[in-house]
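Beneath this line is the structure, given in structure tokens, with notes to follow.
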Protein chains: 2
Amino acid sequence: MGVTIKTIAKELGVSYATVSRALNDHPDVNEETKKRVISKANEMGYQPNAIARGLVNNETKTIGLVIPDITNPFFPQVARGVEEAAVTADYNIFLCNTNWNPEREDHYVNALMQKQIDGLIMTPSSEDVNHLKNLLNSQLKTVFISSFIPLNDYTSIIVDNAKGTEKAMNYLIKKGHRNIAFIGAGEERYANQERLKGYKNSLKKHDIKIEDKYITNVKNSYDRKSGFDLMNQIIDNFNKKKLPTAVICYNDLLALGVIQALRLKGFKIPEDMAVIGFDDISFSSLPEVQLTTIAQPKYEMGKIALETLIEKIKTGSEKKFENKIVLSPELKIRATT
Amino acid sequence: MGVTIKTIAKELGVSYATVSRALNDHPDVNEETKKRVISKANEMGYQPNAIARGLVNNETKTIGLVIPDITNPFFPQVARGVEEAAVTADYNIFLCNTNWNPEREDHYVNALMQKQIDGLIMTPSSEDVNHLKNLLNSQLKTVFISSFIPLNDYTSIIVDNAKGTEKAMNYLIKKGHRNIAFIGAGEERYANQERLKGYKNSLKKHDIKIEDKYITNVKNSYDRKSGFDLMNQIIDNFNKKKLPTAVICYNDLLALGVIQALRLKGFKIPEDMAVIGFDDISFSSLPEVQLTTIAQPKYEMGKIALETLIEKIKTGSEKKFENKIVLSPELKIRATT
DNA sequence: ATGAAAGCGCTAACAG
DNA sequence: CTGTTAGCGCTTTCAT
């Protein structure tokens with residue numbers, strides 16, 4: 001239907017190889033004919049068929065971005081970073097939301113592999129990626145974001161989680177807090193382990209006893225509701241005077257739920273209880289919210305992910321890459337502390 | 001490199017046409033051999049090459065989603081809707097952020113066309129789409145979201161904008177408001193015209209005079225800052241007692257800026273001034289925000305966009321489609337009115 | 001029911 | 001510098 005390389009070859013009375021060469025700015029092709037070809041191509045509205053090109057070149061200039069949920073405010077920024085870097089490298093990206101569902105994750109990865117993506121960026125629903133058999137058996141260049149997958153040949157772009165919570169803790173302690181709670185996301189998550197480590201480190205350095213009763217974990221989801229529910233439990237479980245004076249949460253969504261629970265019970269923030277989150281999602285900087293938080297450089301993470309992915313693609317398998325690239329989090333002090 | 005149809009044909013000592021047929025569940029192929037082929041394929045970890053398949057079938061099972069900015073809280077929900085419908089139809093989607101830049105928009109559309117997408121869903125940066133020459137010259141099936149493009153062969157998924165503002169106005173008037181301001185997004189936008197129409201309609205029906213001084217427009221961007229600035233201007237321009245008692249904004253982001261300006265000037269909301277937005281972005285339902293707003297069914301819009309796109313693709317060009325599909329907005333009454 | 005062969009649109013040797 | 005040819009992996013006639 002469309003105009004192909006052959007159509008324009010026929011028009012010009014040259015072989016279609018010549019047209020291909022001209023269009024690809026190949027060195028040995030007469031300047032004159034090159035011009036003729038190009039102008040003819042424009043005239044006829046020729047659009048190269050990237051699919052056909054991909055078939056012969058074994059490269060599609062396409063990468064996959066598989067994330068849990070673009071609706072979760074953490075990811076749009078990441079996606080933006082990925083994309084911004086992708087335009088400059090001339091790649092297009094397939095967006096896939098797994099909805100935190102491992103089967104769907106696998107389904108997507110397979111679909112993308114069949115579509116011959118050149119590389120994959122993903123935030124898996126869990127750090128156990130053994131369900132992604134085809135991916136693991138493949139040579140597909142892959143970069144993980146925000147989860148640490150300690151496998152060879154993969155690199156993970158993460159933030160220095162321990163340093164993040166440690167900064168936040170140091171700040172709280174300097175402000176006079178001694179009884180600080182940690183609301184985590186379960187022990188399996190690498191990021192949670194690290195954040196807890198930072199929490200404990202700071203406590204140790206300041207000679208403050210680590211109290212298990214101050215360390216709790218949310219069960220399934222890391223959303224507002226979980227934070228809300230858990231905080232209510234905490235308030236109920238503690239003798240009023242033994243309540244912590246500050247709480248640091250695994251992420252901002254949890255922190256928002258925590259705050260809501262506190263307000264509903266009549267607590268003043270930060271006077272009665274200081275609250276710190278992690279991530280710095282878009283919600284947190286709203287004037288109405290003003291959540292103190294440990295910011296992840298989300299946009300940058302996406303950008304770096306894409307850039308290292310491209311590098312991996314370009315260099316084949318000879319070069320060794322780091323297993324993780326660690327960025328620095330930043331403590332954003334706002335109104336909840 | 002990978003295992004292809006030929007590899008497995010050789011293994012089995014059959015022609016590769018047979019393998020193709022077996023794998024595609026073609027009617028006339030012996031049940032026995034079909035089984036052998038399939039099990040062999042699984043054994044060898046065969047993955048069909050969708051690129052090659054696309055080349056011969058002229059169909060890639062891929063569509064493009066071109067939006068201004070996934071970071072704008074309106075779009076993640078839309079994207080989610082598109083994607084959710086896409087999985088069931090077995091399509092993958094290319095995500096492109098144009099950053100409200102028409103050249104980039106054109107660049108992306110071209111890139112996607114070269115990658116042989118089967119269809120396109122897009123929210124253009126402006127309703128004038130004449131810069132998208134290649135798209136307009138092509139037969140590419142296209143559905144627009146949230147902008148009305150009155151061209152033949154295209155269909156736009158929009159909300160009944162006039163009805164939306166009219167509902168909101170009726171509600172405000174019933175609450176006793178008589179001096180109500182409208183903060184628009186400029187006269188060019190179809191949605192703005194419609195929303196303004198709804199505003200005026202309600203006024204007329206209630207025999208309230210339409211006053212031009214109450215109708216203003218934000219200049220370039222429809223974000224929080226614009227709303228903030230414009231509201232400050234309004235407060236300064238009006239004699240205190242002649243200020244409107246309510247304001248209805250083109251979108252939620254503007255409304256948030258408006259609220260911020262008001263609060264900073266000491267206004268109580270909703271007592272001193274009621275504020276209504278449009279869209280119902282994620283921010284608006286936060287307990288900290290509780291913005292009354294006219295909700296667009298964003299997820300649904302995305303879903304319907306994908307579904308009608310698929311239908312267009314399936315039916316070729318014989319069938320005629322509506323030029324617009326209009327959904328109903330819903331007034332969500334919260335704390336700012 | 002199966003095989004042989006053509007061809008989708010393109011690039012990349014290989015000749016000349 | 002240009003044309004001829006093979007082939008990327010697959011589907012689909014056309015024979016058998």
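Just so it is clear: chains get the letters A, B, ... in the order the sequence lines come, proteins before strands, and each one is counted from 1. For clarity, every value in this text was computed on a predicted model and none was experimentally measured. The analysis underlying the following values was restricted to heavy atoms, covering all of them including side chains, and did not include hydrogens, waters or symmetry mates.
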Roughly how many Å is it from [atom1] in [X] to [atom2] in [N], rounded to a whole number?
X: B:E31; N: C:dA1; atom1: CD; atom2: P; answer: 9 Å
X: A:K35; N: D:dT2; atom1: NZ; atom2: P; answer: 13 Å
X: B:D25; N: C:dA1; atom1: CG; atom2: C1'; answer: 15 Å
X: A:L23; N: C:dA12; atom1: CG; atom2: P; answer: 13 Å
X: A:D28; N: C:dG16; atom1: CG; atom2: P; answer: 17 Å
X: A:E59; N: C:dA12; atom1: CD; atom2: C1'; answer: 15 Å
X: A:I8; N: C:dC10; atom1: CD1; atom2: C1'; answer: 13 Å
X: A:Q114; N: D:dC10; atom1: CD; atom2: C1'; answer: 13 Å

It should be established whether [X] places a side-chain nitrogen or oxygen under 4.0 Å from OP1 or OP2 of nucleotide [N].
X: A:T33; N: D:dT2; value: yes
X: A:N57; N: C:dC10; value: no
X: B:K6; N: D:dG7; value: no
X: B:S15; N: C:dG3; value: yes
X: A:Y46; N: C:dC10; value: yes

(Q) Is any side-chain heavy atom of A:F321 closer than 4.5 Å to one of A:E311? (A) yes
Only distances under 3.5 Å count here; give the side-chain donor-acceptor pairs of residues 141-155 of chain B to other protein atoms, sequence neighbours excluded, each with its distance to 0.1 Å.
{"unit_1": "B:K141", "atom_1": "NZ", "unit_2": "B:G316", "atom_2": "O", "d": "2.9"}
{"unit_1": "B:T142", "atom_1": "OG1", "unit_2": "B:L140", "atom_2": "O", "d": "3.0"}

Given [options], the nucleotide with the shortest approach to the side chain of [X]:
X: B:N24; options: D:dT11, D:dC8, C:dC8; result: D:dT11
X: B:V56; options: D:dC10, D:dA6, D:dC8; result: D:dC10
X: A:Y16; options: D:dT4, C:dC10, C:dA6; result: C:dC10
X: B:V14; options: C:dG3, C:dC10, D:dT2; result: C:dG3

[X] near the nucleic acid: base, sugar-phosphate alone, or nothing, with a heavy-atom cut-off under 4.0 Å?
X: A:S20; answer: base
X: B:N30; answer: sugar-phosphate
X: A:N49; answer: sugar-phosphate

(Q) Closer than 3.5 angstrom, by distance alone: can the side chain of B:N99 be matched with the main-chain N or O of B:N101 as a donor-acceptor pair? (A) no
Q: State whether the side chain of A:K115 and the backbone N or O of B:K61 hold a donor-acceptor pair below 3.5 Å, judged by distance alone.
A: yes
Let me have the donor-acceptor pairs involving side chains of residues 297-310 of chain A, under 3.5 Å, with sequence neighbours excluded, atom names and distances please.
{"unit_1": "A:K298", "atom_1": "NZ", "unit_2": "A:D279", "atom_2": "O", "d": "2.9"}
{"unit_1": "A:K298", "atom_1": "NZ", "unit_2": "A:D280", "atom_2": "O", "d": "2.7"}
{"unit_1": "A:K298", "atom_1": "NZ", "unit_2": "A:Q296", "atom_2": "O", "d": "3.3"}

Q.
Let me spell it out: for each of B:A52 and B:A17, pick the nucleotide of DNA chain C with the closest heavy atom. Which residue's pick is nearer the 5' end?
A. B:A17
**Q.** Flag for A:T60-A:D118: side-chain donor and acceptor within less than 3.5 Å
**A.** yes
(Q) Both B:I51 and B:H26 contact DNA chain D. Taking the nearest nucleotide for each, which residue is further toward the 5' end? (A) B:I51
